There are 2 protein chains.
Amino acid sequence: MPSGRIITTASITLATNGGFEQECVSFFAEVVQLFGVPKSVGQIYGLLYASPEPLGFPDIVERLDISKGSASQGLQLLRSLGAINEAERSSSLSNLSSEIKREARGVAYEPELSLRQLVTGVLRERIAPMATTGTDRLKRLKELAENSPANNKFYLGRAKQLETWRKRFTTVMPLLTALLGPKKKR
Amino acid sequence: MPSGRIITTASITLATNGGFEQECVSFFAEVVQLFGVPKSVGQIYGLLYASPEPLGFPDIVERLDISKGSASQGLQLLRSLGAINEAERSSSLSNLSSEIKREARGVAYEPELSLRQLVTGVLRERIAPMATTGTDRLKRLKELAENSPANNKFYLGRAKQLETWRKRFTTVMPLLTALLGPKKKR
DNA sequence: TTCTAGGTTCATTTTTCCTTGAACTCAGTT
DNA sequence: AACTGAGTTCAAGGAAAAATGAACCTAGAA
């Protein structure tokens, strides 16, 4: 497979995928915005999702026409969410022509397809932190309730209820991910 | 109870609740922002949550020091989410002094306390719409996949997977609300 | 009828968040 | 050693969302 092998599928697929890619990009861009995630991040995931081949950093910048900065930050976020994975690449490049080597440089990504994995990532990075700092604030709230000169009983009741809300939340979250699919094979 | 009865608990409670209210307001302001809801909306809910008495429109404007516009829009959103309820008020006002009548005018609100109810509201107003428009977009995506000249099988596979994601999502959502508490008594 | 206070609407301003682009680092090539 | 392209960082600009305030509507009180 010397010269027939084309790694940079970018321009080729672009010409022949009949709009699927474009639609996919804007679809995911829209979806993620509902979760408070920047549009460009959704675009990147959508692009990877619509690509039969893993794509590298330069592909993403070029095909989405976004800045390197956006691409870099977007990929960072997607990595931290576990929403993309690095694709394998042949490690012995020495015997390839320099033109092909050029294309094979750097890391290529493919989208994570496990729904459970994706949801877990969002929960871990977005919701869990809230639960943590929330616990501190609840403690403080309870103290304030105890020290409140008037309506002591009322405030204590409220503080107590917030605590039970938090507990229910933290017990339900793992259940939710379990419902969304099997644990990821490692 | 002519002059002793104080309905506008605003200034009084403010002076005597020892910071509980303030902490509550900023707590909810923070929480709701994680769900993409404006800060002021969280503040309003927090204020109501920290108040032993139902509060009216003017109380909210005054104690949070926000504009009437913000208060109005915030209350609208909270109503649409089912996160607040109108409190009962004595309907025969004629025998009260005019000073008290002044305070009793308009609607007063208290916070919805059922966690299930709150989550259901968010799901209904924020997530469900996505599922609806999402269905259309998936249909379109499938068509594009079918018409794609190259990699037909790959694109069809992706379209199919999106469809199963959507299905799983719509089946899991009701379960989630069920886990969060008993159905609200009507 | 007129007055007042509760409440809504919407154009304008403010704030917040996202994107950009330039400067930089680092690894592999020549 | 010098070069090239991948990738990061961050100050600054720009776009989108939220808060404001003025004009307006309404119902009950005087």
Side-chain angles (χ1 to χ4, degrees), chain A residues 7-8 10 29-30 32-44 54-80 84 86-87 89-109 126, chain B residues 7-8 10 29-30 32-44 54-80 84 86-87 89-109 126:
Chain A
I7 295 182
T8 173
E30 209 170 282
V32 300
Q33 278 189 300
L34 295 173
F35 291 85
V37 173
K39 191 177 72 170
S40 69
V41 174
Q43 291 179 312
I44 295 173
L55 298 179
F57 188 96
D59 296 322
I60 292 168
V61 169
E62 187 182 336
R63 296 171 70 172
L64 292 178
D65 193 32
I66 60 179
S67 66
K68 290 202 295 177
S70 279
S72 178
Q73 289 170 200
L75 285 170
Q76 271 173 355
L77 179 56
L78 288 170
R79 272 195 300 264
S80 79
I84 57 177
E86 300 195 1
R89 271 198 163 158
S90 58
S91 45
S92 65
L93 300 170
S94 29
N95 54 344
L96 298 174
S97 85
S98 65
E99 217 175 56
I100 292 182
K101 268 197 279 189
R102 213 186 111 263
E103 296 300 341
R105 215 163 10 189
V107 188
Y109 297 96
R126 299 288 238 235
Chain B
I7 295 183
T8 173
E30 210 170 281
V32 299
Q33 278 190 300
L34 295 174
F35 291 85
V37 172
K39 190 177 72 170
S40 69
V41 174
Q43 291 179 312
I44 296 173
L55 297 179
F57 188 96
D59 296 321
I60 292 168
V61 169
E62 187 183 336
R63 296 171 69 173
L64 292 178
D65 192 32
I66 60 179
S67 65
K68 289 202 295 177
S70 279
S72 178
Q73 290 170 199
L75 285 170
Q76 271 172 354
L77 179 56
L78 287 170
R79 272 195 299 263
S80 79
I84 56 176
E86 300 195 1
R89 275 200 160 157
S90 58
S91 44
S92 64
L93 300 169
S94 29
N95 54 343
L96 298 174
S97 83
S98 64
E99 216 174 57
I100 291 182
K101 268 195 280 189
R102 211 186 110 265
E103 296 300 340
R105 213 165 8 192
V107 188
Y109 298 96
R126 297 285 236 238

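Sequence lines set the chain letters: A, B, ... in the order given, protein chains first and strands last, and positions in each chain run from 1. The structure presented is a predicted model; accordingly, all values stated were derived computationally and were not measured.
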So do [Y] and [X] actually touch side chain to side chain, heavy atoms under 4.5 Å?
X	Y	answer
K39(B)	V32(B)	no
I60(A)	L75(A)	yes
I84(B)	I44(B)	no

Nearest-nucleotide wise, let me know which of Q73(A) and F57(B) is further upstream toward the 5' end of DNA chain C. F57(B)
Take P58(B) and G69(B), find for each the nucleotide of DNA chain C with the closest heavy atom, and name the residue whose nucleotide sits nearer the 5' end. P58(B)
Check the distance between [N]'s [atom2] and [X]'s [atom1] and give it to me in whole angstrom.
X	N	atom1	atom2	value
D65(A)	dT19(C)	CG	C1'	12 Å
L75(B)	dT9(C)	CG	C1'	15 Å
I60(A)	dT19(C)	CD1	C1'	16 Å
D59(A)	dG7(D)	CG	C1'	14 Å
I84(B)	dG7(C)	CD1	P	11 Å
E86(A)	dA6(D)	CD	P	16 Å
K68(B)	dG21(D)	NZ	P	12 Å
L64(A)	dT19(C)	CG	P	11 Å

Identify the heavy atoms of G74(A) and V41(A) that sit nearest to each other, and give their distance. CA-CG2, 3.9 Å
What closest approach, in Å, do I66(B) and Q43(B) show between heavy atoms, and which atom pair accounts for it? CG2-OE1, 4.3 Å
Nearest listed nucleotide, side chain of S67(B), among dA6(D), dG21(D), dG7(C): dG21(D)
Side chain of S72(B) only, heavy atoms from C-beta on: which candidate in dG21(C), dT8(C), dG7(C) is closest? dT8(C)
Any side-chain N or O of [X] under 4.0 Å from OP1/OP2 of [N]?
X	N	result
S40(B)	dA19(D)	yes
S70(A)	dT20(C)	yes
R79(A)	dT8(D)	yes

By the 4.0 Å heavy-atom rule, please label I66(A) as base, sugar-phosphate, or nothing. sugar-phosphate
Which residue lies more 5' along DNA chain D, comparing Q33(A) with Q76(A) via nearest heavy atoms: Q76(A)
